[in-house]
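I have placed the structure first, in the form of structure tokens, so that the comments after it can refer back to it.
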Number of protein chains: 2
Amino acid sequence: MNIGDVSRLSGLPPKTIRYYEDIGLIKPLRSSNGYRAFRDKDLHKLNFLARARSLGFSIEDCRTLLELYEDQDRTSADVKKVAETHLERIDEKIRELKAMRETLNELVDACHGDHRPDCPILKGLSSPTQ
Amino acid sequence: MNIGDVSRLSGLPPKTIRYYEDIGLIKPLRSSNGYRAFRDKDLHKLNFLARARSLGFSIEDCRTLLELYEDQDRTSADVKKVAETHLERIDEKIRELKAMRETLNELVDACHGDHRPDCPILKGLSSPTQ
DNA sequence: GCTTGACCCTCCAGTTGCGGGAAGCCCCAT
DNA sequence: ATGGGGCTTCCCGCAACTGGAGGGTCAAGC
């Protein structure tokens, strides 16, 4: 399989796939013409990566998960730990965003949004958030 | 005021303040010794920026907001539009994160997390998300 | 046999919003 | 005069790619 094939099959752009090879996440073979030659194994890894990335795992998390994925002697506890840590980061991010949303929404609600220059949003940004 | 002073007063690191000057968000004067000389006006802007950034506005949004802040002929509708657009981006981000959280949480819950290698999390990542 | 177009390759630069660190002034206190 | 801050500029690096330049390869059609 060429890069275009695995790109279509995994949904990852060719650029991303080359990047994943650069940083050592996958190691496709090479054809005599210099083209990358992907095996099923490589495609499986790319699918794995695509799904892990879509769940928000960092590249380094993905590297760890891929290693665990390939290690027959892993323990599920190790995997769960990585996932739980990531879950907490997500929760933290959601909390942050909700706090932003809260404050921002108050400002937006207070703003009449007409042709006049008077604006509670700018006022809110220019004076301390109590 | 030197950069250290406005840094303490605004809570922004000196590096950030220099960066904001680099990209033209603030234009402090210069003392004869080459030090940046911040006026009250500059400090106000930095405080404004610190608050806008803490609400998640991008630098370009901040640039727009600062321009509106300084424009006596602005309309509050213009400001509100920027804020509402940002609010939608935040909501979108929250939705994405919640979806991730959902899926990830199911996987974590399904994983017993013991010494055995069998792991629903890895299984979930290696087979299509239905 | 030649051209065309779709692939593929590498390498370099840019993105966002800074942070780290080097190398070198400046200023004040001892 | 010497030490310790503080200030300056400059350049590199981060994450995770994306875009583009410049060039080789392959298969089909004429």
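Throughout, a chain's letter reflects where its sequence line sits, starting with A, and its residues are numbered from 1.
Looking at residues two or more places apart in sequence or on another chain, you find a side chain to side chain contact (heavy atoms under 4.5 Å, CB included) between B:Ala37 and B:Leu29, B:Ser31. When the side chain to side chain contact (heavy atoms under 4.5 Å, CB included) test is applied to B:Ser10, the partners found at least two apart in sequence or on another chain are B:Leu12, B:Ile17, B:Leu43, B:Leu46, B:Asn47. Evaluation of the side chain to side chain donor-acceptor pair (under 3.5 Å) rule for B:Glu70 yields B:Lys45 as partners, not counting sequence neighbours. Judged as a ring pair (Phe, Tyr, Trp, His ring centres under 6.0 Å), and not counting sequence neighbours, the contacts of A:Phe57 are A:His86. Partners of A:Lys98 according to the side chain to side chain contact (heavy atoms under 4.5 Å, CB included) rule, which considers only residues two or more places apart in sequence or in another chain, are A:Ile94, B:Ile94, B:Lys98.
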Please produce a list of atom pairs where a protein N or O lies less than 3.5 Å from an N or O of nucleotides 12-15 of chain D.
none

Write down the protein N/O and nucleotide N/O pairs, taken from nucleotides 19-21 of chain D, whose separation is under 3.5 Å; answer none if there are no such pairs.
from   : atom 1 : to      : atom 2 : distance (Å)
D:dG19 : N7     : A:Lys15 : NZ     : 3.0
D:dG19 : O6     : A:Lys15 : NZ     : 2.7
D:dG20 : O6     : A:Lys15 : NZ     : 2.2

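The stretch residues 83-99 of chain B has no heavy atom under 4.0 angstrom from DNA chain C at all. Less than 4.0 Å separates DNA chain D from at least one heavy atom of each of the following residues of residues 27-38 of chain B: B:Arg30, B:Gly34, B:Tyr35, B:Arg36.
In this model, the phosphate group of D:dT18 is approached by a side-chain N or O of A:Thr16 to a distance below 4.0 Å at OP1 or OP2.
Contacts between chain B and DNA chain C, taken as any atom within less than 4.0 angstrom of a protein heavy atom, begin and end at C:dG17 to C:dC27.
Of the possible polar contacts, none joining the B:Arg36 side chain to the B:Pro28 backbone as a donor-acceptor pair under 3.5 Å is found.
Note that the two end axes of the helix from C:dG1-D:dC30 to C:dT30-D:dA1 enclose an angle of 30°, each drawn from 5 base pairs, rounded to 10 degrees.
Sorted by first and then second residue, the ring pair (Phe, Tyr, Trp, His ring centres under 6.0 Å) pairs with a member in residues 31-50 of chain A read A:Phe48-A:Tyr69; sequence neighbours excluded.
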